[in-house]
Amino acid sequence: MIVSKSEVLPIRSSDDVVLVRQAVRRWAIELGFSLVDQTKMITAASELARNALDYGGGGSVRLESLLDGARKGLRLTFEDSGPGIPDIELALTDGYTSGKGMGMGLGGSRRLVNEFAIESRVGEGTRVTISRWR
């Protein structure tokens, strides 16, 4: 797999969440994603950026354009240095929230993408990586 392009964006405010959505849309269009796939990736990115801001105290997202033979993909890696997630399986359960949300962000994001990985260490932060292929 080849990473043909990458960019890192900060997530420090609600305005940055909007900028992340716009960047993901732009990259998905460049990669030739269908409107449905663009929407899925933008929705997942929005949820994860919001989580990084609200629960992680802010962080960053790395966007990467992927080539794997004839396949093209978009990989997003969200990182924060927040309190971390003590029970990842519980956090992925629809309806569970440690804050004020509806508890659909992590699980919903996982269902919208082809690949989903999450790593978290209590007191050190969380990294969520998602990919979608066309």
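Since the structure is predicted, the reported quantities are computational estimates derived from the model, not experimental observations.
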message = If I compare all heavy atoms of R50 with all of S14, which pair ends up nearest, and what's the gap?
response = NH1-OG, 3.2 Å
ask   = Would a distance-only check, ignoring hydrogens and angles, find a side-chain to backbone donor-acceptor pair under 3.5 Å from S46 to T43?
value = no
request  = Evaluate the side chain to side chain contact (heavy atoms under 4.5 Å, CB included) criterion for residues K40 and V113: first the C-alpha distance (whole Å), next the side-chain angles of each, then the deciding distance (0.1 Å), finally the verdict.
outcome  = CA-CA 7 Å; K40 288 179 177 179; V113 298; over 6 Å; no
query = Are a donor atom and an acceptor atom from the side chains of R62 and T129 found within less than 3.5 Å of each other?
reply = no
key: Non-hydrogen side-chain atoms of S65 and S4 separated by less than 4.5 Å   = yes
request  = To the nearest 0.5 Å, tell me how far E89 CD sits from L106 CG.
outcome  = 11.0 Å
Heavy-atom check, side chain of N114 versus side chain of S131, under 4.5 Å = no
Point-to-point distance, once rounded to the nearest 0.5 Å, from CG of L19 to CZ of R12 = 11.5 Å
ask   = What's the spacing between I118 CD1 and L92 CG if we round to 0.5 Å?
value = 5.5 Å
inquiry  = For G73 versus L31, what's the shortest heavy-atom pair and its separation?
reply    = O-CD1, 3.4 Å
remark   = Rounding to 0.5 Å, atoms CZ (R75) and CG (L63) come to a distance of 11.0 Å
message = Pair F33, R132 - check side chain to side chain contact (heavy atoms under 4.5 Å, CB included), show working.
response = CA-CA 9 Å; F33 280 29; R132 184 146 192 100; 3.9 Å; yes
query = Considering all heavy atoms of both residues, which atom of L76 and which atom of A45 are nearest to each other, and what is their separation?
reply = CD1-CB, 3.7 Å
ask   = So, does D68 use its side chain to make a donor-acceptor pair with the main chain of R71 at under 3.5 Å?
value = no
ask   = Is there a side-chain contact between V61 and T77 (heavy atoms, below 4.5 Å)?
value = no
request  = Would you check if L66 and E64 make a side-chain contact, meaning some heavy-atom pair closer than 4.5 Å?
outcome  = yes
inquiry  = Which residue in the set D80, T126, V128 passes side-chain contact (heavy atoms from CB on, under 4.5 Å) when paired with L48?
reply    = V128
note = Scanning both residues in full, the closest heavy-atom pair of A28 with Q38 reads CB-CG, 3.8 Å
ask   = Is the closest side-chain heavy-atom distance between L112 and M41 below 4.5 Å?
value = no
query = Is a side-chain donor or acceptor of T39 paired with a backbone partner of L35 at a separation under 3.5 angstrom?
reply = yes
message = Between L74 and W133, is there a side-chain heavy-atom distance shorter than 4.5 Å?
response = no
inquiry  = I'd like to know if R110 and D94 make a salt bridge, using a cut-off of under 4.0 Å between side-chain N and carboxylate O.
reply    = no
query = Can you pull the salt bridge (charged side-chain N to carboxylate O under 4.0 Å, His left out) pairs that have at least one residue in residues 16-33, sequence neighbours excluded?
reply = K5-E30
request  = Please answer: with hydrophobic residues joined when any side-chain heavy atoms are less than 4.5 Å apart, are V3 and M1 in the same cluster?
outcome  = yes
key: Exercise: identify the closest heavy-atom pair between S109 and A44   = OG-O, 3.6 Å
ask   = Heavy atoms, side chains only, cut-off 4.5 Å: are E7 and W27 in contact?
value = yes
note = d(E79 CD, I11 CD1) to nearest 0.5 Å is 10.0 Å
inquiry  = Closer than 3.5 angstrom, by distance alone: can the side chain of S120 be matched with the main-chain N or O of I85 as a donor-acceptor pair?
reply    = yes
Ionic contact status for D37 with R134, cut-off 4.0 Å = no
